Amino acid sequence: MQQELTKVNQPGGFHVNHQDTTAVLTPISEQADAQGTSRQSASVLDPAPADGSITLPAGSNSGSHAKTSPDRKRVGRLSEDKRVKVFSGSSNRALAEEVCKFIGVPLGEARLQRFSDGEVHFQLLENVRGVDVFLVQPTSFPVDQHLVELLIMIDALKRASAGRITVVIPYYGYARQDRKDRPRVAITSKLVADLLTTAGANRALLVDLHAAQIQGFFNIPVDHLFASPVLVSYFREMSLPNLTVVSPDAGGVERARFFAQKLEVPLAIVDKRRTDINVTEVMNVIGDVKGRTCLILDDIIDTAGTLVKTVDALLAQGAQKVYACATHAVLSGPAVERIAASRLEQLIVTNTIPLREEAQQVAKIKVLSIAGLLGRAIESIHMETSVSSLFN
């Protein structure tokens, strides 16, 4: 290669504020271990070499003999199984490391480089032949860069004869373009699903899709998780008085109804109209919110325009306090400034997307970790057991 390789740029200095994260759930493998043997910790990311590359830490798992599917089920702890590996791209390495620490498997060793023109070069630094591989990479900002990175990593794993490749995408970019809502537009969420399958993915693990029907765009098995167990647990502990869960639009009613049922509180709906991309107009509040503490529930907070207008509409209808929670904190454009200046009491998000540095400085934004949720799902997929318990 005659072009100069340069170090991967971390987008906008994104990283997760570990002081604000809260891991939940107990690993399946730990429940199965009567002796309570401590789990093996994940390796810490090694400093980048002088050649500008990024190297992911590895364990001593390469070179093990392949096991049959029944053998996988008999493994008492995932950390004892040499035929499972977890790799990560540059999108959310902190979450991947936290997942590895949870399940007791070291993060796989690989080298990710970029040519001077931004072209991606990816190399696995350990054997994955016949291995059950999980590749953690949310397609967050910059979306296209991380998506191409993911496709290249899948191709490298396929050509290295990985036994099965499961893409773990905590945030599925392009999910909002899931239908032809205007003439002559693309259904990009279907296109991305086709790209992942064509690249060589055998299975997908996704979290809180914008529309659950996107699962049907894939021609491979899809496990669709919800962050609601993590969020519900948090608000149960808060014990907010006179609570009402609010859906910011009609499309999120089913999600909000499930949340309200778990908390055993009433439900309200905000009728809004989208006038353009990232532009909405709040019309009416359906339901009684006067004198109530309102909790706005959404899957994605992007520019926070809808969120701020919903907060104002609820307070205008007599709500006492307004909280909000969402799975994916995209927080693009003026989102952080809008949230900081709003009358919102607190915004709770998860770490599917690394929180921007300026967002970490806003005291009313709190991050919860879904590493336990993803870790248990990875254990269930590898050991071929049900993931249904993760919905409770």
Side-chain angles (χ1 to χ4, degrees), residues 11 89 91-92 95 134-155 165-228 247-256 258 272 274-280 297-303 305-306 326-333 335 349-350 352-354 370 373-374 377 381 387 391:
S91 177
N92 197 346
L95 176 59
F134 294 85
L135 183 54
V136 182
Q137 174 82 334
T139 52
S140 52
F141 176 85
V143 180
D144 299 340
Q145 176 177 305
H146 289 144
L147 176 59
V148 172
E149 198 175 283
L150 175 59
L151 296 173
I152 292 174
M153 289 188 289
I154 294 171
D155 186 71
I165 304 170
T166 301
V167 287
V168 182
I169 309 178
Y171 172 66
Y172 185 78
Y174 288 107
R176 287 171 286 183
Q177 300 181 52
D178 60 342
R179 65 195 183 280
K180 288 190 67 175
D181 55 349
R182 299 180 184 184
R184 299 174 295 280
V185 297
I187 305 179
T188 322
S189 55
K190 166 62 174 171
L191 173 62
V192 172
D194 289 340
L195 288 171
L196 294 170
T197 306
T198 302
N202 304 116
R203 193 178 192 97
L205 176 59
L206 312 173
V207 180
D208 267 332
L209 288 168
H210 187 63
Q213 297 88 331
I214 293 175
Q215 298 171 79
F217 291 167
F218 288 83
N219 294 321
I220 56 177
V222 174
D223 291 292
H224 183 207
L225 300 181
F226 301 94
S228 54
S247 173
D249 54 39
V253 171
E254 184 178 353
R255 183 187 305 108
F258 173 83
K272 75 173 186 181
R274 186 171 296 279
T275 58
D276 202 349
I277 295 176
N278 293 130
V279 179
T280 59
L297 175 67
D298 211 345
D299 60 330
I300 300 172
I301 295 180
D302 191 354
T303 62
T306 296
T327 304
H328 310 299
V330 176
L331 303 183
S332 63
V349 296
T350 72
T352 58
I353 298 174
I370 62 163
L373 189 70
L374 292 176
I381 293 171
V387 299
F391 302 134

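What's counted below: heavy atoms across the whole structure, side chains too, no hydrogens, waters or symmetry copies. Model, not experiment: these values are computed from the prediction.
For the pair Leu196 and Tyr172, the minimum side-chain heavy-atom distance is below 4.5 Å. Side chains of Leu373 and Leu225 form a contact here, defined as non-hydrogen atoms less than 4.5 Å apart. Under the 4.5 Å side-chain criterion, counting only non-hydrogen atoms from C-beta, Asp223 is in contact with Arg203. Contact of the Ile154 side chain with the Leu135 side chain is registered, since non-hydrogen atoms from C-beta on lie closer than 4.5 Å. Counting heavy atoms from C-beta outward, Phe217 and Thr197 have side chains that stay 4.5 Å or more apart. Under the 4.5 Å side-chain criterion, counting only non-hydrogen atoms from C-beta, Leu191 is not in contact with Ser189. Looking at Leu374 and Val207, their side chains come closer than 4.5 Å, going by heavy atoms from C-beta outward. Side-chain atoms of Pro170 and Leu95, non-hydrogen and from C-beta on, do get closer than 4.5 Å to each other.
With respect to Arg176 and Asp302, a salt bridge is recorded, a charged nitrogen being found less than 4.0 Å from a carboxylate O.
Within the model, atoms CZ of Phe134 and CG of Leu205 stand 8.0 Å from one another, a figure rounded to the nearest 0.5 Å. Atom CG of Leu195 and atom CG of Leu147 lie 6.5 Å apart (nearest 0.5 Å). How far CD1 of Ile214 is from CG of Asp178: 5.0 Å, rounded to the nearest 0.5 Å. Separating the CD1 atom in Ile301 from the OG1 atom in Thr306 is a distance of 9.5 Å, to the nearest 0.5 Å.
Contact detail for Ala201 and Val167: the closest heavy-atom pair is CB-CG1, 4.0 Å. Closest non-hydrogen pair, Ile353 versus Ala329, comes out as CG2-O, 3.9 Å.
Side-chain N or O atoms of Asn202 include one that pairs as donor or acceptor with a backbone N or O of Ile165 at under 3.5 Å. Using modelled atom types, no side-chain atom of His210 and backbone atom of Gln177 make a donor-acceptor pair closer than 3.5 Å. Looking only at distances, a side-chain donor or acceptor of His224 sits under 3.5 Å from a matching main-chain atom of Leu209. For the pair Thr350 (side chain) and Ile370 (backbone), a donor-acceptor distance under 3.5 Å is absent. Remark: side-chain polar atoms of Gln215 are paired, donor with acceptor, to backbone N or O of Ala212 under 3.5 angstrom. At least one donor-acceptor pair under 3.5 Å links the side chain of Asn92 to the backbone N or O of Thr352. No donor-acceptor pair under 3.5 Å is formed between the side chain of Lys180 and the backbone N or O of Val185. Remark: the backbone N or O of Gly252 is paired with a side-chain donor or acceptor of Asp249 at under 3.5 angstrom. In this structure a side-chain-to-backbone donor-acceptor pair under 3.5 Å is missing from Tyr174 to Thr139. In this structure a side-chain-to-backbone donor-acceptor pair under 3.5 Å is present from Gln137 to His146.
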Intermediate values then yes/no, side-chain contact (heavy atoms from CB on, under 4.5 Å), Thr198 and Leu151: CA-CA 9 Å; Thr198 302; Leu151 296 173; over 6 Å; no
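A donor-acceptor pair shorter than 3.5 Å can be found between the side chains of Ser91 and Ser140.
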